[in-house]
Q: 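Pasting a structure here, questions to come.
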Amino acid sequence: MRNVLTALDVGTSKVCALVAEPAPEGGGATVLGYGVSPCTGLRKGVVVNIEATVEAIRAAVAEAEKTSGVRVGAAVVGEAGAHIRGLNSHGIVAVRGGEVSARDVERVIDAARAVAIPLDRQVLHILPQQFAVDDQEGVRDPVGMAGVRLEARIHIVTAAQSYGQNLTKCCERANLTPLEIVFEPLASAAATLFPEERELGVALLDVGGGTTGIVVFHGGAVMHTAVLPLGGNHLTSDVAAGLRTPLNEAERLKLSYGVATNSVVGRDQTVQVPGVGGREPRVIARRILGEIIEPRMEEIFTMAAREVMRSGVADSLASGLVLVGGSSLLEGTQELAERIFALPVRRGLPINLKGMPEELMKPAYTAAAGLLLHAAGATRATSNGVVWGGRLGRLRSLVSDWMRDFF
Ligand SMILES: Nc1ncnc2c1ncn2[C@@H]1O[C@H](COP(=O)(O)OP(=O)(O)OP(=O)(O)O)[C@@H](O)[C@H]1O
Ligand SMILES: [Mg+2]
């Protein structure tokens with residue numbers, strides 16, 4: 001049977017399934033086929049309607065199967081949602097035999113993750129930040145070093161168990177086994193950031209339909225993760241309410257004429273707004289659209305900036321801010337972000353996945369591309385003898401994969 005990888009991004013606006021073949025040299029994958037289906041089953045990144053979500057997953061997977069000619073049975077699945085939390089932790093162990101072994105590294109990570117995580121939360125990722133051997137800090141790979149004390153700093157990403165269970169249920173009903181649930185902004189980061197950016201310090205913002213995901217890197221490691229329950233859909237409903245126009249028209253107006261800040265709009269530009277319930281269409285200044293959208297976008301960016309501050313490395317993000325997600329396409333977004341974050345801002349695309357179809361080279365598909373990159377690494381770990389399913393085996397494979405990706 002052909003060795004294929006499947007990634008499934010279940011977003012608030014759309015479900016995207018990518019089917020790919022792992023690259024022979026490892027680490028990457030070439031997309032064989034894909035499917036995208038609009039999804040109405042989620043609110044703010046969380047499943048609220050199982051039927052609608054199952055239908056969207058089925059449709060996206062069926063399309064991906066058709067275009068790739070491959071039958072899909074299992075996938076790496078992405079999860080966003082404001083219930084996801086990141087926390088930093090650290091642990092210390094005594095080194096056995098005077099030299100740090102791989103086993104010591106596992107022990108110290110186990111010690112660091114033994115923080116009180118409530119029973120109703122599930123650990124999604126354990127991301128090592130750095131190790132210290134005796135007084136030597138900032139060690140990335142301590143194996144083989146001489147010392148008596150090993151210390152680890154890690155970042156842990158957890159999710160509310162019930163939300164994850166609903167997502168799993170939706171996949172299973174669509175005849176898809178979720179191999180692993182991955183935090184979506186981390187996947188977006190894998191698809192779009194350069195290693196130098198992660199090294200120098202960078203914040204990634206995935207501004208989607210119902211959520212805004214945040215990941216902050218410094219020294220190659222994840223320092224902070226967060227999700228806000230706000231995204232582009234809120235801009236659309238603000239436009240609908242503000243202009244008293246139906247949601248679908250508000251969405252169309254936002255996509256064609258919306259701006260994140262009026263500083264990019266001329267005074268004489270106008271827009272035609274269709275009326276509701278048989279009322280006449282109206283012509284308004286485009287800046288009115290900006291006046292509705294800007295405060296909400298400002299709110300999203302101000303809350304996100306607060307999260308970036310919490311990382312403790314906000315003052316040393318030499319590579320600035322990278323914006324992905326569908327809403328990053330809104331005109332003026334980069335200008336507004338530069339003003340609020342006081343950082344250089346660039347837009348991100350899923351550039352790190354080889355063979356990504358041209359049509360998907362958009363900021364809304366970074367998460368799907370990153371899930372596939374992660375699946376490619378995970379497959380390699382499996383062939384190295386690490387088993388899926390067993391709790392510890394699974395944990396170790398996760399640690400090693402993300403270490404490889406981010407260190
Ligand atoms: N050109 C554009 N200008 C402004 N907004 C856009 C544009 N294109 C897409 N969007 C917005 O992007 C949002 C969808 O983005 P995306 O596909 O990244 O979300 P998602 O992954 O489905 O949702 P989430 O990640 O929040 O669960 C929608 O709100 C849509 O209106
Ligand atoms: Mg998304």
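Both ligands and their constituent atoms are indexed starting at 1 by order of listing.
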Q: Looking only at side chains, do T236 and N233 share a donor and an acceptor under 3.5 Å apart?
A: no

Q: Under the criterion side chain to side chain contact (heavy atoms under 4.5 Å, CB included), I'd like the reasoning laid out for R346 against L323: C-alpha separation, chi angles, the key distance, then a yes or no.
A: CA-CA 6 Å; R346 77 166 175 91; L323 289 174; over 6 Å; no

Q: Indicate the ring-plane relationship of F301 and F341, choosing parallel, tilted or perpendicular according to the 30° and 60° boundaries.
A: perpendicular

Q: Who passes salt bridge (Lys or Arg N to Asp or Glu O under 4.0 Å) against D9, sequence neighbours left out?
A: K14

Q: Going by the salt bridge (Lys or Arg N to Asp or Glu O under 4.0 Å) test, which pairs reach into residues 31-51, not counting sequence neighbours?
A: E51-R173

Q: What residues, two or more places apart in sequence or in another chain, satisfy salt bridge (Lys or Arg N to Asp or Glu O under 4.0 Å) together with R58?
A: E55

Q: Quick check on ligand 1: any N or O pairs to the protein under 3.5 Å? One line per pair.
A:
from     : atom 1 : to   : atom 2 : distance (Å)
ligand 1 : 10 (N) : G326 : O      : 3.4
ligand 1 : 12 (O) : S327 : N      : 3.2
ligand 1 : 12 (O) : S327 : OG     : 3.4
ligand 1 : 15 (O) : G326 : N      : 3.3
ligand 1 : 17 (O) : K14  : NZ     : 2.9
ligand 1 : 18 (O) : G326 : N      : 2.8
ligand 1 : 19 (O) : G209 : N      : 3.0
ligand 1 : 21 (O) : K14  : NZ     : 3.1
ligand 1 : 22 (O) : T12  : N      : 3.3
ligand 1 : 22 (O) : S13  : N      : 2.7
ligand 1 : 22 (O) : S13  : OG     : 3.3
ligand 1 : 22 (O) : K14  : N      : 3.3
ligand 1 : 23 (O) : T12  : N      : 3.2
ligand 1 : 23 (O) : G209 : N      : 3.1
ligand 1 : 26 (O) : G209 : N      : 3.1
ligand 1 : 26 (O) : G210 : N      : 2.9
ligand 1 : 26 (O) : T211 : N      : 2.8
ligand 1 : 26 (O) : T211 : OG1    : 2.8
ligand 1 : 27 (O) : T12  : N      : 2.8
ligand 1 : 27 (O) : T12  : OG1    : 2.7
ligand 1 : 29 (O) : N233 : OD1    : 3.2
ligand 1 : 29 (O) : K254 : NZ     : 3.4
ligand 1 : 31 (O) : E251 : OE1    : 3.4
ligand 1 : 31 (O) : E251 : OE2    : 2.5
ligand 1 : 31 (O) : K254 : NZ     : 2.7

